[in-house]
Structures are given as C-alpha cells and as structure tokens.
Amino acid sequence: MAVNCENYDENLKFCNCTYPGCPHKGNCCSCIRYHLKRKELPACCFPDGVEKTYDRTFDKFIEVYG
Ligand code: SF4
C-alpha cells in the first residue's frame, strides 16, 4: 500500500501497534477504517499490554475502560 500521508513519520512515533508487517501502520486513516469495518478499534486505543493480544474488539475496549 502506498503511503503518502504528510503525517506518516509523526504517526509512527505515536503508534504502539506490534502487529508485524501491517500495511496500515503510520497511515491512521487507513488503520481506523480497517478496524471499524470489523467492529474493532486501532492498537493505539488500548494499553500496550492489551494491544499485544491483538484483541481490538469493542468488547475488549469496554472491558478495559468500562
Ligand atoms: S492497529 Fe491494526 S491496522 Fe493499525 S497498524 Fe496495527 S494491525 Fe495495522
């Protein structure tokens, strides 16, 4: 996936996603669209310890923050 976002480098500084090789990394618009379609949220919505489980569901978000 071509990334031409002007914020790409800055986005990567704040990205806590540990999923290897994801083409959406650093392209937050694409990342959030990808996850919302699946009723999920991006990695950055979760604490690091939860992020690394790759459970990005709304239910998990509510479990963590509800
Ligand atoms: S949160 Fe999901 S879409 Fe975004 S970079 Fe990580 S694995 Fe890719």
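Note that ligands are numbered from 1 as they come in the structure, with each ligand's atoms numbered from 1 the same way.
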Q. Please state which protein non-hydrogen atom is closest to atom 4 (Fe) of ligand 1 and give its distance, to 0.1 Å?
A. Cys31 SG, 2.3 Å
(Q) Suppose I only count heavy atoms of Cys22 and a 4.0 Å limit; which atoms of ligand 1 are within that range? (A) 3 (S), 5 (S), 7 (S), 8 (Fe)
Q) How long is the gap from CD1 on Ile32 to CG on Leu41, to the nearest 0.5 Å? A) 7.0 Å
Q.
How far is atom 1 (S) of ligand 1 from the closest protein heavy atom, and which atom is that?
A. Ala43 N, 3.2 Å
Q: Kindly indicate whether a cation-pi arrangement holds for Arg56 with Tyr54, taking the cut-offs as under 6.0 Å to the six-membered ring centre and within 45° of the axis.
A: no
(Q) I need the nearest protein heavy-atom contact for atom 3 (S) of ligand 1: residue, atom name and distance, please. (A) His35 NE2, 3.3 Å
Q: Starting at CD of Glu51, measure out to SG of Cys15 and round the result to the nearest 0.5 Å.
A: 8.0 Å
**Q.** Gap separating the CD atom of Glu40 from the SG atom of Cys45, nearest 0.5 angstrom
**A.** 11.0 Å
Q.
Hydrogens and angles aside, do Asp55 and Thr57 bring a side-chain donor and acceptor to less than 3.5 Å of each other?
A. yes
Q: Look at Cys17 and state whether any of its N, O or S atoms is less than 2.8 Å from atom 8 (Fe) of ligand 1.
A: no
Q: Go through ligand 1 atom by atom and flag the ones less than 4.0 Å from a non-hydrogen atom of Lys25.
A: 5 (S)
